[in-house]
Amino acid sequence: MNRNHLFILAIIFILILAACQTNPDPTEVPAPATEAPVAESPVAEPTETPTEVPTKAPAAQSTESSEQATDTPELATSDTPLSTAARFPLATIVNDEGGPVSLTGVVTYTNPFFTMGVAAPVIILEDQAGFVDRNEHFLMPVESQALAQITSDFFESPFSYSLALPIEPQGSLRDVDQDGAENTGVQIFAPAYWTNTWGDPFLEERDLSGGGWSTAYASTRLSENIDTEREIVGGKYLIYAPDDQQGFPNGFGADGLLFTEDDPIVQIPQGYTIVDMDTDPFTFDRARHQVVDLIEPEGAALDDYTQLSYADAFDALIEQLRNEYAFTDYKELDWDAIHADLRPAFEAADADNDPEAYRVALRDLAWSIPDGHVSGPWIQDEFSFMNANGIGLVVDELDNGRFLATYLLNDGPAAQAGIELGAEILAFDGVAINEAVENTIGWTGPYSTDHNERLGKTAFVTRFPVTTESVDVTFINPDGTEQTTAVATEFEQDSLFAALEQSIPTGFELPLEYKLLEDSNLGYVQIFSFSDNDLLSVQLWERMIRELNENGIPGLIIDMRMNGGGSGFLADQMAAYFFDEEYSLGNSGFYEDDLGEFRFDDRGEGFFILPPEDLRYHGDIAVIVGPDCASACEFFSYDMTIADRAEIIGHYPTAGLGGSIRRVLMPEDEYFTFTAGRAVDGDGNIHIEGIGVVPTIDVPVTAESLLGGEDVLLETAVSTLQGTTNAEIIEGNAMNIGDTINGDITQDQRIRHTIDLSEGDIVTILLDGESASGDVLDMVLNIYNLEDDLLLSNDDFDKEGAGSGFEGLEIPYDLTVVLEVSTYEDASQGTYTLSVKES
């Protein structure tokens, strides 16, 4: 018998069975809405008459062409399967096309820092289980992260995205129907913007800033009221129900909060649905192709005063600064006095319709606030007029108060007048150099610290207006006597660039660059910015960490002298690679309208998010800082002082810019920037603003450091990490593999043993110590070659105890090394045991 015959017989058999069935008289059920989707599970008919009959039919699902069902449904009894009747009133559906299959939308941003450092922006379906649970440490599972395509230029606002929805999403199920029973629940998503900096293409804890849910640039709208901060109060959700028996809120309830006990609940269909929470009740939309835009919150949006007059915009800005500027009391600012002093200039600019006069007045407002984060317009014409001329000379101030000529332009006016490199400059036009500096405008201001202001003024003390033809300079050449001579001024920029060169990168640098200092076997890295490509920064950083660890590099020098800042979060998390504990990094306070004062939210406290253990570096560290290390650079440098992790080396503290900034758009498309976030340490103290990160090793500014041709700060860092010490060096015994030496050690003493090692040897070297009272000594083991170059150093072999050493050390070639035994900071005494074993 062929297959066609079998098929025909099967159909006949089914028809006969169907004809033999008799249906019981069913209880009346509501007629389905026209063309409404039917659940895939079969609908069983009730076997008993319901005990209650609703007096009003629940709203039926509908499409644009559907009609309201008019039959009255009956409620199921306890013996009725769940799928036989609605557990809650049915959600009213609009545009029912079976559920969404794609999302498109735009992201509009006005915040000028939105794109800073971003290399891998992503739009993602953000699992909202964190918000449902109110768990601010919730990390969305990788499998839940459906990624969208960004379909226009990210760097042009608005940019667009497109997301094809997965057939069956892998989000976290949450039961939100508030009925007290355990139900399957629904998956809840919000399309959201993030930037991917760490790891693979999906978001991890560091990308998510520690976890939780989006507070900006998502499809949801969050409350900015202090009592309900971070609560979702509007916008759109994408939800997915695995079956047609799940409930979801269709309103916020009396408390105005979502996913709480008073939520009104409706039953939703299986599959995807868009929930619009900006309507009351919520709108449930099941069109196939949905437009869901992401929302820039009011707190992140750019304040725009461009439509106001100059004077009115100034008034609005002063009022904003009066409330929102972070350090009014700390800096003893009188906003009424500043307003009264400057408003006439803005009024005059309005009366004369003079944009340039307005820009000068706005710049003067910035200069009236002693804060390096504050800035207004750059008045190029004024700057050029006042600083065009120079004399081919740069001066620097020594720690002893003397001023030396540290740059001399070949055949420049100063050189032609007989001034020599290293000459002490005493006066200009009869005004003592110290007073001349004080009277000079620091054109790179305003400044947060006195030392930065002093340096800024010193850089410009040898610059003169176009109208200045000459200046009388009083000086003493090296090995000479005091003399005064008239020095012609001329248009020259070389000396200006020489004065500012340490603070101006070339622009050709990578975000960070590293190398091995072969003479010392130390790592060296210079970080130029935390506002460059953040993905590239982290990739270079992790590559460096791997190289340090794989090659057993004993110490790292981090040069921060030419780093103007950027992302504080990036800076903090790059510092985390040197720690094993999640130390507190402090907090930032912001003005709160509801309170009328600054508030520190405990949820804003920062912590290290530790990288994987194999990406942590435990060697010694020295950080070189300077006055051009600002903002995020300072937070990184401060982080390295936690638990005395690094020595901070410098001539001066850092710039002292301690807060986060906000920009306001003013008339003539000019930006005014000010500090809006007041940064404090873990104890609530202002720790950066006006102070900076102070060197633990303060290297004096001397004639030798300025004119010696060597980088004395780098040399100091090298000698610090090499263990240069005033301790007494004791020559110990020669050792062989297999030997163990027991000896005594006192404070300020180091004992050196030598050992010959051969190519191919694999050895384990261990050092332990004990005090006279039986306490464990914190021991340090340094390994040098015979040229006294530090090869390896270890202070914490097991990361828990106080012993030190190296396990499975592979010897690349025949060599003799010095094993130096010491206690931490040469501060203890007792007995030690040093052993060298074959691994």
Side-chain angles (χ1 to χ4, degrees), residues 110-114 116 298-306 308 310-343 345-346 358-379 442 444-449 452-453 456 531 564-568 588-593 596-600 604 630-635 655-680 686 688-692:
T110 62
N111 189 308
F113 303 109
F114 182 85
M116 185 184 73
E298 181 180 344
L302 178 69
D303 295 307
D304 188 342
Y305 299 149
T306 55
L308 301 177
Y310 299 150
D312 288 346
F314 170 69
D315 291 344
L317 178 58
I318 287 290
E319 190 60 28
Q320 184 173 7
L321 293 170
R322 188 192 306 276
N323 292 327
E324 298 180 18
Y325 177 67
F327 298 109
T328 291
D329 294 335
Y330 183 61
K331 295 181 181 290
E332 300 180 345
L333 296 176
D334 185 338
W335 295 111
D336 289 335
I338 293 173
H339 183 265
D341 182 48
L342 293 176
R343 196 174 198 279
F346 288 91
Y358 150 75
R359 289 188 174 95
V360 171
L362 190 60
R363 189 277 315 276
D364 290 345
L365 170 62
W367 279 4
S368 70
I369 305 170
D371 185 333
H373 265 148
V374 174
S375 66
W378 177 257
I379 313 301
T444 51
Y447 308 97
S448 288
T449 56
N452 258 37
E453 182 175 18
S531 61
S567 167
S588 287
F590 296 86
Y591 180 77
E592 183 60 58
D593 285 327
E597 61 184 25
F598 271 72
R599 180 174 74 96
F600 291 86
S631 194
C633 174
E634 299 181 82
F635 287 100
L657 279 58
S660 53
I661 60 177
R662 186 174 182 86
R663 274 187 177 169
V664 179
L665 186 58
M666 298 289 286
E668 308 297 342
D669 291 327
E670 293 290 351
Y671 284 107
F672 190 91
T673 305
F674 68 93
T675 309
R678 183 188 302 163
V680 296
I686 294 172
I688 300 293
E689 181 62 39
I691 303 168

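These figures come from a predicted structure and were not determined experimentally. Sequence positions, counted from 1, serve as the residue numbers for this chain.
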> Please report the closest heavy-atom contact between P377 and R363, naming both atoms and the distance.
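Shortest heavy-atom separation between P377 and R363 comes out as O-CG, 3.3 Å.
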> Which residues satisfy the side-chain hydrogen bond (donor to acceptor under 3.5 Å, both in side chains) test with E592, sequence neighbours excluded?
none
> What's the spacing between R359 CZ and M666 CE if we round to 0.5 Å?
12.0 Å
> Quick one: closest heavy-atom pair of P446 and A366, and the distance?
CG-O, 3.5 Å
> Would you check if H373 and T673 make a side-chain contact, meaning some heavy-atom pair closer than 4.5 Å?
no
> For S660, check side-chain hydrogen bond (donor to acceptor under 3.5 Å, both in side chains) against everything at least two apart and list the hits.
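S660 satisfies side-chain hydrogen bond (donor to acceptor under 3.5 Å, both in side chains) with no other residue.
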> Work out which heavy atom in G659 is nearest to a heavy atom in S631; give both atom names and the distance.
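Closest heavy-atom pair between G659 and S631: O-OG, 4.3 Å.
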> Can you tell me which residue pairs pass the salt bridge (Lys or Arg N to Asp or Glu O under 4.0 Å) test with a partner in residues 328-337, sequence neighbours excluded?
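For residues 328-337: R322-D336, K331-E689.
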> With side-chain contact (heavy atoms from CB on, under 4.5 Å) as the test, would you mind laying out the steps for L317 and L362 before giving the verdict?
CA-CA 10 Å; L317 178 58; L362 190 60; 4.0 Å; yes
> At their closest point, which heavy atom of I379 faces which heavy atom of V360, and how far apart are they?
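Between these two residues, the closest heavy atoms are CD1-N, 4.0 Å.
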> With a 3.5 Å distance limit and no angle check, can you tell me whether E324 reaches the backbone of L321 through a side-chain donor-acceptor pair?
no
> Restricting to side-chain hydrogen bond (donor to acceptor under 3.5 Å, both in side chains), what partner residues turn up for N323, sequence neighbours left out?
none
> If I take atom CD1 from residue I691 and atom CD1 from residue I686, how far apart are they, to the nearest 0.5 angstrom?
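Answer rounded to 0.5 Å: 7.5 Å.
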> Please enumerate all residues that pass side-chain hydrogen bond (donor to acceptor under 3.5 Å, both in side chains) together with Y310, with sequence neighbours excluded.
E668
> Relative to the ring of F346, is the ring of F314 parallel (under 30°), tilted (30 to 60°) or perpendicular (over 60°)?
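F314 vs F346 ring planes: parallel.
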> Let me confirm one number: the CD1-CD1 distance from I338 to I369, rounded to the nearest 0.5 Å.
6.0 Å
> Between A300 and N111, which heavy-atom pair has the shortest distance, and what is it?
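Between these two residues, the closest heavy atoms are O-ND2, 2.8 Å.
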> When you look at L365 and I318, which way does the side-chain contact (heavy atoms from CB on, under 4.5 Å) test go after all the steps?
CA-CA 9 Å; L365 170 62; I318 287 290; 3.9 Å; yes
> Find out whether L657 and C633 are in side-chain contact, i.e. whether some heavy atom of one side chain is under 4.5 Å from a heavy atom of the other.
no
> Which residues pass the salt bridge (Lys or Arg N to Asp or Glu O under 4.0 Å) test with R678, sequence neighbours left out?
none
> Going through the distances and angles, do I661 and F674 end up as a side-chain contact (heavy atoms from CB on, under 4.5 Å)?
CA-CA 6 Å; I661 60 177; F674 68 93; over 6 Å; no
> Just verifying a value: how many Å separate F590 CZ and R662 CZ, rounded to the nearest 0.5 Å?
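Between atom CZ of F590 and atom CZ of R662 there are 9.5 Å.
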> Which heavy atom of A361 sits nearest to which heavy atom of A345, and what is that distance?
CB-CB, 3.8 Å
> Where do D304 and T110 land on the side-chain contact (heavy atoms from CB on, under 4.5 Å) test, with the steps shown first?
CA-CA 10 Å; D304 188 342; T110 62; over 6 Å; no
> Taking G690's backbone N and O only, do any of them form a donor-acceptor pair with Y330's side chain (distance below 3.5 Å, no angle check)?
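Checking the backbone N and O of G690 against the side chain of Y330, no donor-acceptor pair under 3.5 Å is found.
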> If we ignore angles and hydrogens, is there a donor and acceptor under 3.5 Å between the side chains of Q320 and Y305?
yes
> Check the orientation of F327 and Y325. Use parallel for under 30°, tilted for 30 to 60°, and perpendicular for over 60°.
perpendicular
